[in-house]
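Below is one structure; the comments refer to it alone.
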Amino acid sequence: MLRAIQLVGQRVFLAAESALGLAFGNRHNPLHHLGAITYFLLWIAMITGLYLYAFFETSAVKAYASVEALTHSQRFAGGVVRSLHRYASDAVVLCMVLHLLRHFTFDRHRGFRWFSWITGVMLLSMTLASGINGYMLPWDRVAQYVVTATTEWLELIPVFGAGMTRNFITNANVSDRLFSLLSFVHIGLPLTVLAVLWIHTQRVAGARTNPPRELAIGILAMLLALSLWAPAHSQPPADMGSVPTAVAFDWFYLPPFAAMERWGALASGLALAAVTGLLLALPWIPPARRNEKRSFDMAVYPDDRIVGVRNGETLLDAGLRAGLPMAFECRNGACGACQCTLRHGQVAHLPHLPSALSDADRAAGRVLLCCAVPLGDVEIVHTPIAGARPLAVKQHIARITRMELLAPDVMRVLFCVDGGSRLGFRAGQYINILLEDGGKRSFSFATAPERIPPSGEIELHIRKVVGGRFTTQVFTGMKAGDSFRFEGPVGAFTLREDSDKPVIFVAGSTGFAPVKSMLEHAFDCGIRRNMVLYWGVRRRTDLYMADLAEEWARTRPNFRFVPVLSEPQPGDDWHGRTGLVHEAILADFPDLSSHQVYACGSVAMVEAVYPALAQHGISSEDCFSDAFHLAPQQPMQADAAELVKLGGHRA
């Protein structure tokens with residue numbers, strides 16, 4: 001039943017958005033800016049309210065007269081301001097209700113969004129209470145009715161007790177203290193609404209609190225026109241000696257009082273409590289989303305980052321939450337401004353307007369960030385906001401704890417982050433070591449995140465490069481206790497865990513470091529896919545951790561190790577595979593259409609591996625490498641090759 005209501009609501013909203021899009025354009029469609037419009041209207045209501053309060057007399061005798069003076073003596077100031085205050089307040093409720101309805105119908109109120117939904121319901125309740133309280137201040141017939149009816153409800157609450165309405169039976173019982181209390185509440189409630197609204201907004205990444213300027217001007221002009229055409233007026237003054245037979249009703253703020261007239265105070269109060277309870281419980285009422293894995297990873301290019309996507313979260317929300325400069329406008333699947341290219345993985349699209357994503361766009365692998373919910377790990381390429389600064393990478397200070405020579409030109413360096421903090425990263429990522437002159441040298445983690453000891457010790461494999469400033473220092477002057485600065489983690493070369501295809505790892509030289517991290521992660525996570533490592537080096541001494549790989553092959557039934565030497569020397573006493581590493585792979589796997597390949601090594605090796613494997617059925621979506629970052633199917637530019645960091649990395 002609930003799902004059927006949502007589907008009907010979705011069709012209604014999409015039809016309305018399509019119609020309004022024709023009138024206003026997708027960028028200025030009011031239904032795409034309900035939250036920001038609510039902010040704008042609330043500011044109008046508060047600013048006009050402050051002006052009105054400056055002339056309002058908090059007195060039982062003078063309250064009505066002061067409001068009348070505002071309305072008629074200041075016809076083009078106070079009168080218009082009062083009307084503007086009234087209509088802006090009504091519009092706040094309308095926008096809040098539409099905002100809640102839209103999130104409910106599109107099922108954006110469950111899971112991690114529960115807090116935003118609950119605070120949204122609270123905001124609507126407090127706004128209604130503030131508006132009802134505002135109707136009490138002019139002290140006309142409507143105010144008399146609202147005060148009397150409200151106290152009848154309050155009498156049902158034990159803490160208030162019975163007989164409250166007796167305080168309003170006669171004019172003599174209405175004191176100045178009552179109006180001081182009503183004024184205090186009418187100021188305090190909106191301020192509380194602002195505070196809760198700020199909290200509500202902080203939970204939404206990239207939330208906009210200002211509508212487009214043209215839309216804001218149009219809304220203000222419309223409210224001013226409405227204020228001039230149908231100005232707000234008071235009814236006759238309150239008279240506690242008589243009962244009002246008719247009042248000017250406000251269907252934005254006073255519907256509960258209509259229910260009271262029909263059902264009585266007790267029944268209407270219970271109904272109001274039941275509706276509020278239902279709204280608060282909606283995030284946990286079935287049908288809830290079902291997903292075996294509650295979160296996925298999104299690799300993002302050109303930012304070269306990996307972002308966690310929560311269950312049911314859109315790619316746009318996840319990217320904005322991580323601080324990525326993603327372009328968007330409507331955030332509701334109408335304008336198409338957030339289109340991106342899906343390089344790997346699958347997504348489910350939430351309802352959106354067909355004009356935002358055509359069939360041709362879909363065929364080209366395009367998706368809408370604001371409507372795409374991942375079904376597994378995904379890899380995307382997006383166009384950042386023009387002129388936006390790249391997301392800053394967090395910097396750290398590290399202290400070297402141990403150093404171990406693994407081969408004549410390979411050093412194992414272990415370090416901890418200063419201050420005892422643990423560094424969160426994903427298997428396959430890397431860090432940039434920062435040099436004094438502003439240069440950077442990048443090295444992959446050689447440890448799985450699950451295997452970081454309590455001390456927080458992290459492992460790097462650093463290969464000496466002839467003439468390299470940093471690597472030369474590592475081998476000649478660096479020692480345990482030394483410190484260095486680095487930024488990270490960064491990179492998107494990680495194991496995609498949403499596939500059951502067998503995996504072929506290709507490592508060249510110290511490209512073994514990120515492969516080691518990913519393999520250890522796979523072992524520790526219980527991944528059962530068949531995995532084989534082809535480690536291509538020049539000489540036998542370059543297989544600096546072959547014993548570890550051979551131990552994995554002996555103890556892990558789903559893992560196999562194939563070392564390959566390209567230039568074995570007589571002294572190597574080598575009887576294993578020789579030649580180029582990709583030739584060994586093709587000899588063993590002539591058909592690669594059902595495999596995934598992860599390649600990490602020198603740029604020359606990776607550039608040779610991919611074209612050769614592609615000729616034997618490997619899909620571009622199943623071939624991953626550091627060299628090609630998030631778009632392995634794109635050829636490497638020669639002038640960019642030096643910038644690529646692959647296991648051994650730059651000196």
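Scope of the values below: all heavy atoms of this structure, side chains included, with no hydrogens, waters or symmetry mates.
Of the N and O atoms on the side chains of Thr71 and Arg82, at least one donor lies less than 3.5 Å from an acceptor on the other residue. For the residue pair Glu17/Asn332, the side-chain donor-acceptor check at 3.5 Å is not satisfied. No side-chain N or O of Asp239 forms a donor-acceptor pair with one of Gln144 less than 3.5 Å apart. There is no side-chain donor-acceptor pair under 3.5 Å between Thr127 and Tyr253. No side-chain N or O of Gln235 forms a donor-acceptor pair with one of Tyr145 less than 3.5 Å apart.
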*Evaluate side-chain hydrogen bond (donor to acceptor under 3.5 Å, both in side chains) for Thr341 paired with Tyr301, printing each intermediate quantity in order.*
CA-CA 10 Å; Thr341 300; Tyr301 180 83; over 6 Å; no
*How far apart are the C-alpha atoms of Asn133 and Ser130, what are their side-chain angles, what is the distance that settles it, and do they pass the side-chain hydrogen bond (donor to acceptor under 3.5 Å, both in side chains) test?*
CA-CA 5 Å; Asn133 169 245; Ser130 178; 5.5 Å; no
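By the neighbour-count criterion of 12 heavy atoms within 6.0 Å, atom CD of Gln346 is sparsely surrounded, having that number or fewer from other residues, nucleotides or ligands. Environment of CH2 in Trp153: crowded, with over 12 heavy atoms of neighbouring residues, nucleotides or ligands closer than 6.0 Å.
Distance CG/Leu178 to CE/Met136: 8.5 Å, rounded to 0.5 Å.
Both the sub-6.0 Å distance and the 45° axial angle are satisfied by Arg102 relative to the ring of Phe106. Cation-pi contact between Arg208 and Phe328: present, with separation from the ring centre below 6.0 Å and deviation from the ring axis of at most 45°.
The shortest side-chain heavy-atom distance between Gln339 and Val367 does not fall under the 4.5 Å cut-off. Residues Val67 and Leu137 fail the side-chain proximity criterion, which asks for heavy atoms closer than 4.5 Å.
Contact check on Arg86 versus Asp250 returns a salt bridge, with a Lys/Arg side-chain nitrogen under 4.0 Å from an Asp/Glu carboxylate oxygen. Between Glu313 and Arg113 there is no salt bridge, since none of the side-chain N atoms of the basic residue sits less than 4.0 Å from a carboxylate O of the acidic one.
Contact detail for Val185 and Pro190: the closest heavy-atom pair is O-CD, 4.1 Å. Nearest heavy atom pair, residue His28 against residue Leu215, reads O-CD1, 3.6 Å.
Using cut-offs of 30° and 60° on the angle between ring planes, the pair Tyr51 and Phe55 is tilted.
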